[in-house]
Amino acid sequence: MSKSIIISNISNTSTIIGTVKKNNFQTIVILHNTYKGHEYVDIRLAEKISSSSCRQDEYIFSKKGITVNKKTINDVITFLKESVKTLKD
């Protein structure tokens, strides 16, 4: 998990659930989102646009990411867990 970040182009219907630092310039952001009355989980890539020692890093969402609805999220989680088993240490 990474430290708290600022995302400039986040929707007012989105709530950040958590973040995972991918590298020094990118962070994976997991969000709860609502669109036209439907709830989704978004997994988005955010790219750093500024950094300062006296304030939080600032990011902007890239176009990369996926949106998962309630019907399919458990299947996605199951397959992610299965894929972790195939990775070598």
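Values below: all heavy atoms of this structure, side chains included; hydrogens, waters and symmetry mates excluded.
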Less than 3.5 Å apart, which donor and acceptor atoms pair up between the side chains of residues 75-82 and the rest of the protein, not counting sequence neighbours?
from, atom 1, to, atom 2, distance (Å)
Thr78, OG1, Asn74, O, 2.9
Glu82, OE2, Lys85, NZ, 3.2

Exercise for review: Would you please name every residue forming a side chain to side chain donor-acceptor pair (under 3.5 Å) with Asn33, sequence neighbours left out?
Suggested key: Thr13, Ser14, Asp42
Check your understanding: Passes side chain to side chain contact (heavy atoms under 4.5 Å, CB included), Val29 versus Phe61? Steps please.
Key -> CA-CA 9 Å; Val29 184; Phe61 283 127; 4.0 Å; yes
Review point. Is there a side-chain contact between Tyr59 and Thr27, using heavy atoms and a 4.5 Å cut-off?
Key: yes
Exercise for review: Assess whether side chain to side chain contact (heavy atoms under 4.5 Å, CB included) is satisfied between Lys70 and Glu39, documenting all intermediate values.
Suggested key: CA-CA 7 Å; Lys70 189 173 183 175; Glu39 294 181 298; over 6 Å; no
Exercise for review: Let me see the working for Ile30 and Val41 under side chain to side chain contact (heavy atoms under 4.5 Å, CB included), right down to the final yes or no.
Suggested key: CA-CA 7 Å; Ile30 293 72; Val41 171; 4.0 Å; yes
Point to revise | Reported OG1-to-OH distance for the pair Thr67 and Tyr40, which is rounded to 0.5 angstrom | key: 8.0 Å
Review point. Linking I/L/V/M/F/W/Y whenever any side-chain heavy atoms sit under 4.5 Å apart, do Leu45 and Ile17 land together?
Key: yes
Check your understanding: If you group Ile, Leu, Val, Met, Phe, Trp and Tyr by side-chain heavy-atom gaps below 4.5 Å, do Ile28 and Ile73 land in one group?
Key -> yes
Check your understanding: Rounded to the nearest 0.5 Å, how far apart are CD of Glu47 and NZ of Lys22?
Key -> 9.0 Å
**Study point:** Backbone of Glu58 reached by a side-chain donor or acceptor of Lys48 within 3.5 Å
**Key:** no
Review point. Can you name the closest pair of heavy atoms from Thr34 and His32 and give their distance?
Key: OG1-CE1, 3.9 Å
